[in-house]
Every structure is written in C-alpha cells, then in structure tokens.
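What you see is a predicted model; the values in this text were computed from it and never measured.
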Amino acid sequence: MLKTLKVLLAGAALALASVSASAAVWTQTIDQRPDVYIGPSFTWTHDLTTAGYNAGSDSISSFKLSLKMYDDGDGICFFIFCSPDLSFEKAFADLPGSAADGLWEVDNSWYTTEGTLGMVATGLLSSTGKLEITLKSFLGDFYLDKSTLTATGKVPEPGALSLLGLGLAGLAFVRRRQQKQ
C-alpha cells in the first residue's frame, strides 16, 4: 500500500511540475563597434549557440530580428541634384527565404522583422542555431549600430507532459504488481 502511494505521489508531482513548463528563449545582441557604414551592403551572422541553444536537441518555432540603424546625415543626391535636407535612406534586410525580409526608411530607430514556423529562415536557424543577415542600402547610405536576434523554442504542452508522467507512473505500478505475483 505504501508503494502504491509513493507511485501516485510521484505521478502527481510530475503532473504539477509540467504545469509550469514555459517556452525556451535565446537572445543574442551584436553591438557593432564601431558602427558599420552601409553603402552597398554588409553581411553578418547571429549565432544562438553562444546563448545556450543546442542545435542537436533544441528546436525553434519563431524568431524576431531587431536592427538599430541611423542616417549618416549627408542628404541624398539624384544625378546632378543634391540636397542635404532630403534624407530618406532605405534599408533592405535580406534573410534566407524571402518572407521575413524587410524594407525600412532609416530614421534612427529600431526596426523589427519576425519569422515563424515553416519559413526557410526559421528552419535554417533551428537546424544550426545560426542566421545570416545581409543588410543592403536600397537608397542612400546609413549606419548599423546594433542587431538583436531573439528566438523562441518549442515546448510540449503541459497537459501532454502530465499525461506522460501519469502513464509512466501507471506502468511502474503495473510492473511492481506483476513482480509481486
């Protein structure tokens, strides 16, 4: 009877522990020092394995890439017409797979693009822990200050974990009962 109580308590403990399951989050910020001048383009790689991501066992369901860019303040020139007052530089962030690419007007702010499950970029990020980004000047020139990549991992549902725990506890109970007979 005492063994049965122990098995039931262990199953209940597993069920309660599974309720507090939360998604894993990995973040890496790259602070370009000195800030990188983006005339034609610049390519760099975020590596989430430095933030604890294990490409062999962890899995990513979504990510968010944030870029801090600012205008160089030198205006815009069209053919022979130049104006220091005009400032509408455009940045294009090229990620693997076209769905998460972004085109932004650069005005000293944070710019964010997101990827979700099933996209090429998310699949590559999930398999290696690395994401290569190419930032291109679509119009004008500007500086890249910082880049932050945040990825969220897949976590089993708490109900599934509690069912697994209770099932294992039940198997242990049945096996002990059979050994007694």
Please report the shortest heavy-atom distance between Ser41 and Thr134, naming the atom on each side. CB-CG2, 4.3 Å

If the condition is side-chain hydrogen bond (donor to acceptor under 3.5 Å, both in side chains), which residues does Thr49 pass it with, not counting sequence neighbours? Asp47

Straight-line distance of Lys90 NZ to Asp141 CG, nearest 0.5 Å: 14.5 Å

Rounded to the nearest 0.5 Å, how far apart are CG of Leu67 and OG1 of Thr148? 8.5 Å

NZ-OG1 distance between Lys68 and Thr29, expressed to the nearest 0.5 angstrom: 13.5 Å

Donor-acceptor contact below 3.5 Å, side chain Ser61 vs main chain Thr152: yes

Of all heavy-atom pairs between Ser137 and Gly39, which one has the smallest distance, and what is that distance? CB-O, 2.6 Å

Heavy-atom check, side chain of Met69 versus side chain of Ile38, under 4.5 Å: no

Can you name the residues that form a ring pair (Phe, Tyr, Trp, His ring centres under 6.0 Å) with Tyr53, not counting sequence neighbours? Trp26

By side-chain hydrogen bond (donor to acceptor under 3.5 Å, both in side chains) - contacts of Ser59 (at least two apart): none

Residues in ring pair (Phe, Tyr, Trp, His ring centres under 6.0 Å) contact with Tyr70, at least two apart in sequence or another chain: Tyr143

Rounded to the nearest 0.5 Å, the CG atom of Leu144 sits from the CG atom of Asp31 at a distance of 9.5 Å

Donor-acceptor pairs under 3.5 Å, side chain of residues 124-133 to any protein atom, not counting sequence neighbours: which ones?
from   : atom 1 : to     : atom 2 : distance (Å)
Ser126 : OG     : Ile60  : N      : 3.1
Ser127 : OG     : Gly123 : O      : 3.3
Ser127 : OG     : Leu124 : O      : 3.1
Thr128 : OG1    : Leu124 : O      : 2.9
Thr128 : OG1    : Lys130 : N      : 3.1
Thr128 : OG1    : Lys130 : O      : 3.4

Can you sort out the partners of Phe42 under ring pair (Phe, Tyr, Trp, His ring centres under 6.0 Å), two or more places apart, ordered by chain and number? Trp44

Reported OG1-to-CD1 distance for the pair Thr50 and Ile30, which is rounded to 0.5 angstrom: 8.0 Å

Give, for atom CG of Asp94 and atom NZ of Lys136, the distance between the pair rounded to the nearest 0.5 Å. 4.5 Å

